[in-house]
S.K.: 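Take this structure first; my questions come after.
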There are 2 protein chains.
Amino acid sequence: MKYPNGSRRVSASGSNPRRQQLVNKYSNRGMTLEDDINSTNQFYLESDKAIIHKKPTPVQIVNVNYPKRSAAVITEAYFKQSSTTDYNGLYRNKYVDFEAKETKNKTSFPLANIHDHQVRHMEAVVKHGGVCFLIIRFAVHEETFFFPAEKLFPYWNGQLTGGKKSIPYEIINEEGYLIPFQYQARIDYLRIIDELYF
Amino acid sequence: MKYPNGSRRVSASGSNPRRQQLVNKYSNRGMTLEDDINSTNQFYLESDKAIIHKKPTPVQIVNVNYPKRSAAVITEAYFKQSSTTDYNGLYRNKYVDFEAKETKNKTSFPLANIHDHQVRHMEAVVKHGGVCFLIIRFAVHEETFFFPAEKLFPYWNGQLTGGKKSIPYEIINEEGYLIPFQYQARIDYLRIIDELYF
């Protein structure tokens, strides 16, 4: 597994061993939301609870070299925007689909973090019977919320007709569900799905 | 959309306009199975029947340049093996998951076309209540089959204990389901799902 900013994992806890232990056990400081979710999904997979994967980053490949006796090298490619959400899979017979976003904002979640075609995708998923939601982390508060897609739509469509360009933190705190941080299954969102959909 | 071997689309039908028309209307010659499935999925999406996407090709990105005032360029990357199947999504409340493979073999489908971790993934999908299958095209016969994952597993596990390394064409013809080729929804596999799972 790759940690693009792996050095943060070390520096976050400093050199105090007691603090190191606290950070490892009770905090997610220094891990990105994506790392936490990937590790949670890996735990779900290995414990046979659910099959949920992050989709690969969509890339437009322009040029590939095929050197003799070694692997093909992509020498020119560009990042493409995804037309769906980043994560999907299967849990207890249900199709599960979500997007994960981290914000440094203290007071609200800016809707600019998501794209219109992603919201259209989420609307279709809900319509066809899937479990669909956002995982939103407020980095400053060190809080991670499960926010059902159905509760996102009114805010999204509201901003298109002159409403606010963000969802206030209080709303996410009230209408969403705090996902407790824990050692294994660090972001245990299946627990929230159990409560809401079964 | 990119066609890595786009030239085949033109050359397949040659320059005879009558033949060109026949090819366009009644045959899939010259179109890859992936093209056909992508176009089918697009039709399903636009007609609001199902939400099924091909996952992006997994790529290990090693080096990216960020030129001033233009898009980031990936200058070194490598193809990675996928740990799942290529297609998944949602249809009539059900999680749908499949792999598509084309073979030039006339008499059998070589199991080397799929990988062990893909079969393990398919086993997990079936266990957790998903609809899981292979779409197998015999290019020479111009026939495309829906082959349920449950029927693949005995052959896969058989080859691991000394059994045949391929599934005979007759078996796929008998135990699988021919997907008729048509103009819209060229590979209309949802029709087979309707019959088998509802």
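Just so it is clear, the values below take in all heavy atoms, side chains as well, and ignore hydrogens, waters and symmetry mates. First the proteins, then the strands, lettered A, B, ... as listed; each starts at 1.
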S.K.: Looking at A71(B), A124(B), G89(B), which one has more heavy-atom pairs under 4.5 Å with chain A than the rest?
M.R.: G89(B)

S.K.: If two hydrophobic side chains count as joined below 4.5 Å and joins carry through other members, does L33(B) share a cluster with F146(B)?
M.R.: yes

S.K.: Flag the pair N93(B) / H128(A) as yes when at least one side-chain heavy-atom distance between them is below 4.5 Å, and no otherwise.
M.R.: no

S.K.: Start with the C-alpha gap between K127(B) and D48(A), add the side-chain angles, then the distance that decides, and say whether side chain to side chain contact (heavy atoms under 4.5 Å, CB included) holds.
M.R.: CA-CA 10 Å; K127(B) 185 176 170 189; D48(A) 201 21; 2.2 Å; yes

S.K.: Looking at P56(B) and T57(A), what are the two nearest heavy atoms and their distance?
M.R.: CB-O, 4.1 Å

S.K.: Quick check: is F145(A) connected to L196(A) through a chain of hydrophobic side chains (ILVMFWY, heavy atoms under 4.5 Å apart)?
M.R.: no

S.K.: Determine, using the 4.5 Å side-chain heavy-atom cutoff (strictly less than), whether F98(B) and F181(B) are members of one ILVMFWY cluster.
M.R.: yes

S.K.: Which heavy atom of Y78(B) sits nearest to which heavy atom of V73(A), and what is that distance?
M.R.: CE2-CG2, 3.7 Å

S.K.: Under a 4.5 Å heavy-atom cutoff, which of S82(B), A50(B), P58(B) has the most pairs with chain A?
M.R.: P58(B)

S.K.: Of the backbone (N, CA, C, O) and the side chain (C-beta and beyond), which part of V64(A) lies under 4.5 Å from a heavy atom of chain B, both, or neither?
M.R.: side chain

S.K.: Against chain B, label T75(A) side chain, backbone, both or neither, depending on which of its atoms sit under 4.5 Å from a heavy atom there.
M.R.: both

S.K.: Name the member of I74(B), V125(B), V96(B), N65(B) that forms the most heavy-atom pairs with chain A at distances under 4.5 Å.
M.R.: I74(B)

S.K.: State plainly whether one hydrophobic cluster holds both M122(B) and Y197(B), where clusters connect Ile, Leu, Val, Met, Phe, Trp and Tyr through side-chain heavy atoms under 4.5 angstrom apart.
M.R.: no

S.K.: Does any non-hydrogen side-chain atom of H121(A) lie less than 4.5 Å from one of I51(B)?
M.R.: yes

S.K.: Tell me, for L90(B) versus chain A, whether the close heavy atoms (under 4.5 Å) come from the side chain, the backbone, both or neither.
M.R.: both

S.K.: Verify the cluster assignment for V131(A) and I37(A): are they in a single hydrophobic cluster under the rule of side-chain heavy atoms below 4.5 Å apart?
M.R.: yes

S.K.: Is the number of heavy atoms from other residues, nucleotides or ligands within 6.0 Å of NZ (K164(A)) greater than 12?
M.R.: no

S.K.: Quick one: of Y91(A), Y95(A), F79(A), who has the most non-hydrogen atom pairs under 4.5 Å with chain B?
M.R.: Y95(A)

S.K.: Can a side-chain donor-acceptor contact be found between H53(B) and N88(A) if the only test is distance below 3.5 angstrom?
M.R.: no

